[in-house]
Structure formats: C-alpha cells, structure tokens
K.L.:
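My structure is below; once you've seen it, I'll send some questions.
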Amino acid sequence: MIRYYEKERIFKLDTPHTSYVIGIVDEENFIGHAYYGPRISDAGVGALMRTDEPPFVPSKNNRDRSSFLDAFPSEYPGNGVGDYRESAIEVLDANGNTAVQPLYVKHEIYAGKPGIPGLPATFADDGDCETLEITAEDAILHLEVKLYYTAFSDVDVITRSVRVKNLAKEPIFLTKVMSAALDMDAEDYEMLTLHGSWARERQIEQRKIGYGRQNVASTRGESSHQEHPFVALVSENCDQEHGRVYGFHFVYSGNFLAQVEKNQFDSLRIIMGIHPQDFRWELSEGETFFAPEVVLTCSQQGLGGMTRTLHDLYREHLIRSPYKDKERPILINNWEATYFDFDTEKLLAIAREAKESGIEMLVMDDGWFGCRNDDNTSLGDWTVNEEKLAGGLKHLVDEVNRIGLKFGIWFEPEMISPESKLYRAHPDWAIALPGRTPCRSRNQYVLDLSRKEVRDYVYEAVASILRSANIEYVKWDMNRQLTDLGSAVSGARGQGELLHRYVLAVYELQERLIGEFPDLLLENCSGGGARFDPGMLYYSPQIWCSDDTDAVERLKIQEGTALIYPLSAIGAHVSDCPNHTVGRVTPFETRGNVALAGTFGYELDITKIPKEDRAQIPGQVAQYHKYHALIQSGDYYRIASYSKNHAYDCYAVVAKDKSEALLTFVQVINRPNYHSRRIRVPGLAPQKRYLLEPGGEIYYGDTLIHAGINIPNMWGDFQSVRLHFTEVTEA
Ligand code: GLA
C-alpha cells in the first residue's frame, strides 16, 4: 500500500511487515530518504525527515548549501553539485560537463506494476502491488529522471527502477545510471556478499563496514562467478532467526556495481546498478534509457526471513516458465559421462539404462555440431555432426523418445570459435578492438550480439535445430567473459553501449525462444554458475549452479545460492566419483541427498558406474518424486553450515501449511568420540504432532522446534541422513 501525505510531502510505502518512507524537502524539491525498516504507523511519519537541524535546508541557509548536500539522505543523488558521496547518475553533456541533479516535479500512485521494456522484472497482479512513480528533472539539462517504486502486498519486497529521458534538443551521454540508492544511519551493520570462482560459486562472506566505499562488482560482461549482484546489510549478532537484515538484489545479468559507503556522519549509502565502467549511453531528443530493477527486502527474522522472502518473490513474481510449479523431468546429462567422445549408440545405451532406472530425459551436451571433438572449434556452426550422430538428430531424438525418455540439447549460442565456418565468413561478428587480436578464452570469441544480423543468425541457428526434432529442453551455456570491447559497426559514439546492448540481446533472444517454444524447459548456464542471477530466472526456471558436482563442495555452493534463490531454480546433479573437479570420493547416497536440494538429475555414464551405485538410482528417483513438491514450494531453513563449523551441514524444507518437513543432515567429517548431535527443526507448528521417517516415532512440533532431535554420529566421512516429518492428523 502506498500513501502520499500532502501536507508533510511524505510518501509511505508499506509491505506486510515493512515500511519505506520518502520525503520531498525544501522549496527546491529535494527527494529525500526518511526510513526503511520494520513496518511503522502512519502517524507522525513526517517527523522522520531531518529538515530542521543545521545545515538544513538550503532555502533557509544557502550559505552552507554544500554541507546540506554533503549530508542529505537522498533517494537518487545527483553528481557534481555538492554531494561528495557516490552519485546515482552522471552525464557527459554537450559542454563536456558531468553534473546532474534530479529534483522532484510530480508523482503518480497506481495499482499494479509496469514492465520494463527489454528487461526482466518482477511482476504481480494489480491487486498484489502498488507503484509510485516519482518524476524528477534536472531543469538545466532538461533531463527527466523517473523513479519507480513498487510495494508488494504479499511479500516484504520493494522494487526500484529508473527511467531517464532526454527532453532537450541536444543529445546527451549517460555515463552512469544506478537503479537504486539508499541512505541510512549506519548502526552496526556488516556487509554480506557472495564471492567465488569457477567451480566455487557464491561463497558467503561477511565483513565489517569501514569508512569509505566498499563494493562488489562485475566488469566481465556477465554477473560472474567472481562476485554476485547482491549485498545484504546484516545487524550485529544477526543469525538465521533473529536480527535485522536488508537485502539488495539486482535483476540483471551483466556488469554491476553494488556498493556500501560509510561517511563522516556514520551514515551509509548503498547503491546498486549497471557498473559505470565502460558504460556510455547516448540519448537523443525524446529517447529513454531504462535501468534494470533492484529488489529490496528487509527482514526482522534474520537471514532466514530474508531467504524465505526472496524465495517467495522469485517463485511467485519472477519466474514465468510453465515449469515453475511443475515437476521437472529427472534428466541425465552426458557431459561428465562422455565429454566430447560420444555417438548415437553411446547416447542410446545411456538412455536405455537410464529408462530402466526411472530417469526421464536425456540431455546431449557439448560436442554434437560442426567438427567439435574438443573445445577448440566450431562454436557458431550449429549443424549436426553426422559422423557422431549417424542418421541425424531427428533419428536420435526419435529413438530416445521411443525408449521412453524426453530429449534435451546443449547450445552455446553467444560464441564463435576462430576455428569455424562462421568466423571465416564473418570475422567482424566477433567482439574485438581495431588493430588488436582479441583475447581468447577457452579458445573462443564472443559474438557481437548488439548487431541485429548476428542476433538473427543466432536465433535461427538455435530455433531451426529445435524445429527439426522433438526437443523439450535446452541448456543455454555461455563459457567465457567479455574482453576487447569493440563492435565493428557501432561507431565511436556507440562503443560505450556494447556491454548493455549485449545483455539486452541475450534477453531478446531468450524471449524470442520461449515465445516460439512456450513449452520448452530452458536451463541457463555459464561455465557452471557464472550467470546465475535474477535476470536469467525471468527466462529460465532453473540455472546450472556450478560445474563442481562434488557433494561436499556443493554444500557450500548451494548454501550461498539458496540464501537468495529458491531450490527449484538450482541445477544440481549426482555425478561419478572420484569427482571430476576435486577428486573426492563420497557415498552415492550423499551425492543423491545433496542434489535433492535442487532440480535433481544425473551427470554420469550410467552404463559404467559401479553396480552398487547404479542400484541406488531407482530409490533416489522415487525420493525425488516423493519430495519434489515440498522442495519446490516449501520454506527453506538453514540449520547448520559446514562452511562455518567445518564439520556438518544441515537444512530443512518445511511445507507452507507446516504439514511436512524434509531435513537433510550431512556429516562431512567424522570426529572421534562424539555422541549424537541435537538438531533443532525450525519452522514446524508447535502444537502439531509429526511422524518421523525413518523410524516411525512421533514427536511434538514444540519438542522438535525447541529441543530438537538426536542425530547419531555416523561411521565415516561424507555420511548423510534425510529425515521426513509428516503431520499426524488422527487422534
Ligand atoms: C560448461 C558447462 C558444463 C558443460 C560444458 C560443455 O562448462 O557448465 O556443464 O556444458 O560447458 O562445454
């Protein structure tokens, strides 16, 4: 619900448990931030805006205008006119100046939420949210800046985005357009972020906030393995259940900046948006730039509260796929099974054996096209290699279907190998700088998707393959980051647009794809999980989480991922041992239990794995079917973290109606002479009784919540148990 108090010139945005307050200040119409936090009453809300203390406000004390601007909590800070903190917007005007200062002009409040042209964004029915649109303007530049705020009524989320329109005759360059800025008193917050690398994505890090600017960012052209477009402010002593947490998440898949700045007054400024490095966007008269969306959430129930809010938001208001609430087919992918060394017969042998075990889909990974027998060639040549696939793709798909499995396929549409027919025909289609040989990464270049003819080629290449056979799943991969940022056709003024246009192109391509193939199950991927972000979730309901399929490494990767993403979005597979990335040997059962906290599937040669492992697959498949609905729609509780205690990991998923819960406990390291460990099971209903499987005992909810359950010490490392609690309804 959003209200405007005209006399006080205050906007109050409420979600079920939070409030966000904005004030318009002074004759000059500065747009100020007054409050964001747990929900507050409307009465007296006007007093939250600091306007009577010195040096406030300029109209009464213009002698110290700079002091005002230096301290004012701004909703969208301008550049170069007195506020020395990080600005939200910066331009290069016809005079070569960079200053800009958007001031309030008017506003509108309405039911519902507009989409953002060309960009992913959360959505909701008109009854489930309201939007505040503040129109601001820099009257000198004739630059209009519209700030969008949407307050949801079913989740504690406020979203923000920005549109900048050039009302002047002269073109102007935008050199920075952040999507959100938030100024608040510092208190004792720490900063929680997610960092990583290939095979080690989204590791949680928490640090003290020092004076000055600290940020995470990507300038790699994608959201990246290395840092994540997310930052949380976490109060002192906050844990999974208690304490205040602010989460900021960027719905975008390219370069980003997420920064916290602590200033001389112990205030914090958080900003989030497209990274200004290498960004320069020309706006001609009447043109608008759309900045992507930021999701803001505030929890008083610690990190767990934030987690569950974001899971609900993404499940209900971001993922669009028809598979959103459907059971996903259990797939077997041949990457770790065969790498490039496969043919029709090998794939069919895997499919036959998979069918016997209850697996439902075969996914053919990299290596089926051009002359691709290793990763040095053929990206861009999306024609079936009939030496490998004798009889062609349709024959293979038909045979797989006849066996009783669905069929899925891998693409890396955004890339071009220097060793390819496509590159020989169109060397200028690769992103490159004049006179410089572009950096190779995995021996490939990136296509200049800012060009329409390149996008059309890429689209047709993918779509014509999909039209040629009954293909029900696509893994859309992206295996290198961008360098040598030059487009052969954009001209000098357009080079600074390449990175953002690239991301828009990826969105456009995927939008076209799901438009033409609405029933397709699309899984995004980027060298594992380098483009696991809310932007991509708008197009695909699941994203491959990491190339590291080791169950123990996955505990940490999936902990960081599940901190902000629903389990239904997390691509997780059981693979063979010794694990191909780390060489670790873990029990097949544990690999299955860990993959169950995701989309679940297999990534191994089922015709070759040990018989004892093979024999466990039907049981795992049955578990998946049994728990899938719960895992897909339930509330996630993080109970213990191996990355913190270095010994064991534990989490649970509890049904929304609290009628059942599934708890997974992994004893990573067995330590000598320990007795059983008492684990509390949060999220249950205290008054309900629950039947435990395995075991058959009945427990009261309050006992499980407060006292917990004893999990015996297990023999060996990497052991795991799954405990399933179901409500007992009869007397
Ligand atoms: C990336 C993906 C893998 C696999 C390979 C194929 O690394 O993350 O799952 O598809 O590419 O080259």
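First listed ligand is number 1; within each ligand, the first listed atom is number 1. The figures here come from the full heavy-atom set of this structure, side chains too, leaving out hydrogens, waters and symmetry mates. Everything quoted here is computed from the prediction, not taken from an experiment.
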K.L.:
Does Lys452, at its NZ atom, have more than 12 non-hydrogen atoms belonging to other residues, nucleotides or ligands within less than 6.0 Å?
P.N.:
no
K.L.:
Within the 3.5 Å criterion, strictly below it, is a donor on Tyr502 or Glu414 matched to an acceptor on the partner's side chain?
P.N.:
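The criterion, which ignores hydrogens and geometry beyond distance, is satisfied for Glu414 and Tyr502.
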K.L.:
Kindly check if the number of other-residue, nucleotide or ligand heavy atoms within 6.0 Å of NZ (Lys421) is above 12?
P.N.:
no
K.L.:
Number the atoms of ligand 1 from 1 as they appear, then name those within less than 4.0 Å of a heavy atom of Trp544, with their elements.
P.N.:
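Checking each atom against Trp544, I get 8 (O), 9 (O).
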K.L.:
Evaluate Ser526 for polar contact with ligand 1, using N/O atom pairs at a separation under 3.5 Å.
P.N.:
no
K.L.:
Which atoms from ligand 1 have a heavy atom of Asp366 less than 4.0 Å away?
P.N.:
6 (C), 12 (O)
K.L.:
Would you mind reporting whether Arg328 and Leu521 have side-chain heavy atoms less than 4.5 Å apart?
P.N.:
yes
K.L.:
Does only the side chain of Arg442 get under 4.0 Å from ligand 1, or the backbone, or both, or neither? Count heavy atoms.
P.N.:
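For Arg442, only side-chain atoms sit under 4.0 Å from ligand 1.
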K.L.:
Which of the atoms in ligand 1, numbered in the order shown and given with their element, are less than 4.0 Å from a heavy-atom of Gly527?
P.N.:
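Counting from 1, the qualifying ligand atoms are 7 (O), 8 (O).
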K.L.:
Just jot down the ligand 1 atoms closer than 4.0 angstrom to any heavy atom of Gly528, in number order.
P.N.:
8 (O)
K.L.:
Considering only the protein, which heavy-atom contact is closest to atom 10 (O) of ligand 1, and what is its distance?
P.N.:
Asp365 OD1, 2.6 Å
K.L.:
Looking only at atom types and distance, does a side-chain atom of Glu553 sit under 3.5 Å from a main-chain N or O of Val582, one as donor and one as acceptor?
P.N.:
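A pair under 3.5 Å: no.
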K.L.:
Taking the six-membered ring of Tyr539 as reference, does the cationic atom of Arg320 (NZ for Lys, CZ for Arg) lie under 6.0 Å from its centre and within 45° of its axis?
P.N.:
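Because its charged atom sits under 6.0 Å from the ring centre and within 45° of the axis, Arg320 does stack over Tyr539.
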K.L.:
Name the option, out of Leu379, Val363, Asp547, Asp548, that contains the heavy atom nearest to atom 8 (O) of ligand 1.
P.N.:
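It is Asp547 that holds the nearest heavy atom.
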K.L.:
Parallel, tilted or perpendicular for His228 and Tyr565, by the 30°/60° rule?
P.N.:
perpendicular
K.L.:
Can a donor-acceptor pair be found, under 3.5 Å and without considering hydrogens, that links the side chain of Arg202 to the backbone of Cys545?
P.N.:
yes
K.L.:
Check whether any N or O atom of Glu603, backbone or side chain, sits under 3.5 Å from an N or O atom of ligand 1, and answer yes or no.
P.N.:
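In fact, backbone or side chain, Glu603 has no N or O that close.
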K.L.:
Answer with side chain, backbone, both or neither: which part of Glu412 has a heavy atom less than 4.0 angstrom from an atom of ligand 1?
P.N.:
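Neither part.
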K.L.:
Please write down residue, atom name and distance for the protein heavy atom closest to atom 2 (C) of ligand 1.
P.N.:
Asp477 OD2, 3.0 Å
K.L.:
Assess the pair Tyr252 and His275: is the distance between their ring centroids shorter than 6.0 Å?
P.N.:
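No, they do not, as the ring centres are separated by 6.0 Å or more.
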K.L.:
Is it true that the side chains of Tyr507 and Ser253 contain a donor and an acceptor less than 3.5 Å apart?
P.N.:
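There is such a pair between these side chains.
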K.L.:
What are the atoms of ligand 1, with element, lying closer than 4.0 Å to any heavy atom of Cys525?
P.N.:
2 (C), 8 (O)
K.L.:
Please work out whether any backbone atom (N, CA, C, O) or any side-chain heavy atom from C-beta onward of Asp375 is under 4.0 Å from ligand 1, and answer side chain, backbone, both or neither.
P.N.:
neither
K.L.:
Under 4.0 Å from any heavy atom of Lys475, which atoms of ligand 1 are there?
P.N.:
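The list of qualifying atoms is 3 (C), 4 (C), 9 (O), 10 (O).
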K.L.:
What part of Asn479 sits under 4.0 Å from ligand 1 if we count only heavy atoms: the side chain, the backbone, both or neither?
P.N.:
side chain
